[in-house]
Amino acid sequence: MKITVTVPASTSNLGPGYDSLGMALSLKAKFAIEPSDTLVVEGCPEAYCNADNLVIQGFRKVYEKVGKAMPPVHLTIESDVPVARGLGSSSTCIAGGMAAANAMLGNPLTTDDLFQLCTMFEGHPDNAAPAFFGGLTASFMHENKAVAVPFMPNPDWRFVAIIPDYEVRTEEARRIVPKEISLATGVHTMSHALAMVRGLETGDEALVRQACVDKLHEPYRRTLIAEYDILRELSLEAGAATFFISGSGSTLIAATCSEDVARTITDNVGKHYPHFISKILTVCHEGAVVMVEE
Ligand code: HSE
């Protein structure tokens, strides 16, 4: 039996939606898992070719959940999602491992069960939700359960992911976010996050420009990305509706409903930062997809 799981990358926060909004993007990670005599991991740096690999950890969690011992497997990774760049690579791995284990066990768990497990593992649901459900999701914890609410972004959106040649570690990016905020900042965040969702759904660039103003994390995290200001200026000058840090960075995203504007931004990034990667992405409406070959 060979199980192949394809999981979309995701961008989280989308400006004012810290730890709440997440959106699946058209960049995929593929994980193939087959029974094997010993554990074999290939397709990633040597340091991750062992039992600590996040795909294997996700796989093991599902076996633990159903009270079974995990069999040795051969895992092959083919991923276009860069590691530690704020594009949900950890979630793709954990979700991929979990979905594969569930398929190997004959699907004892529902997708929502897997989403709960993945959220527990990650500590927040905003990348886990798009990894399993695709699209744009608002997610939150209610009585120890993660709840994911789906929204339908306008298909015209182009998200230009500008991926620097360096990592930002999520732990560091979370550490510098203040743990307490004022009532005014809370009100600002709620109103702007709600408006952001509406703007993404309707393809209203003007509304998204007004709504995508964050006060919780971006003012602090931009200090970890030296090129933030200049790339923001470059993107907005080219006509982007808005510009935000993807997840905890280092990827930056310029959002626009115009393919021409998106192209201009990637061209300009290529000219000024040839060592950065920029990709024009769209929303991915599917979450993890499992294929089983007997
Ligand atoms: N919402 C999380 C953060 C995503 O911004 O820290 C990173 O995993």
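Remember, it's 1-based here, ligands and their atoms both numbered in the order they're listed. The structure presented is a predicted model; accordingly, all values stated were derived computationally and were not measured.
- Within a 6.0 Å radius of CE in M141, other residues, nucleotides and ligands contribute more than 12 heavy atoms.
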For residues 10-18, please give each side-chain donor-acceptor pair under 3.5 Å, one per line with the distance, not counting sequence neighbours.
residue	atom	partner	partner atom	Å
S10	OG	N127	ND2	2.8
T11	OG1	S246	OG	2.7
N13	OD1	D19	N	2.9
N13	ND2	G247	O	3.1

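- Looking at E205 and R209, no side-chain N of the basic residue comes within less than 4.0 Å of a carboxylate O on the acidic one, giving no salt bridge.
- Put simply, the side chain of C44 reaches to within 4.5 Å of the side chain of N53, judged on heavy atoms.
- Residues of the protein with a heavy atom under 4.0 Å from ligand 1 are S12, N13, Y18, D19, H124, D126, N127, T170, R174, R221, G247, S248, listed by chain and number.
- Residues satisfying the salt bridge (charged side-chain N to carboxylate O under 4.0 Å, His left out) criterion with D229, sequence neighbours excluded, are R222.
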Can I get a per-line list of side-chain donor-acceptor pairs under 3.5 Å for residues 97-114, giving both atom names and the distance, sequence neighbours left out?
residue	atom	partner	partner atom	Å
N102	OD1	L109	N	2.9
N102	ND2	L109	O	2.8
T110	OG1	D112	N	3.4
T110	OG1	D113	N	3.0
T110	OG1	D113	OD1	3.4
T110	OG1	D113	OD2	3.1
D112	OD2	Q116	NE2	3.4
D113	OD2	T110	N	2.9

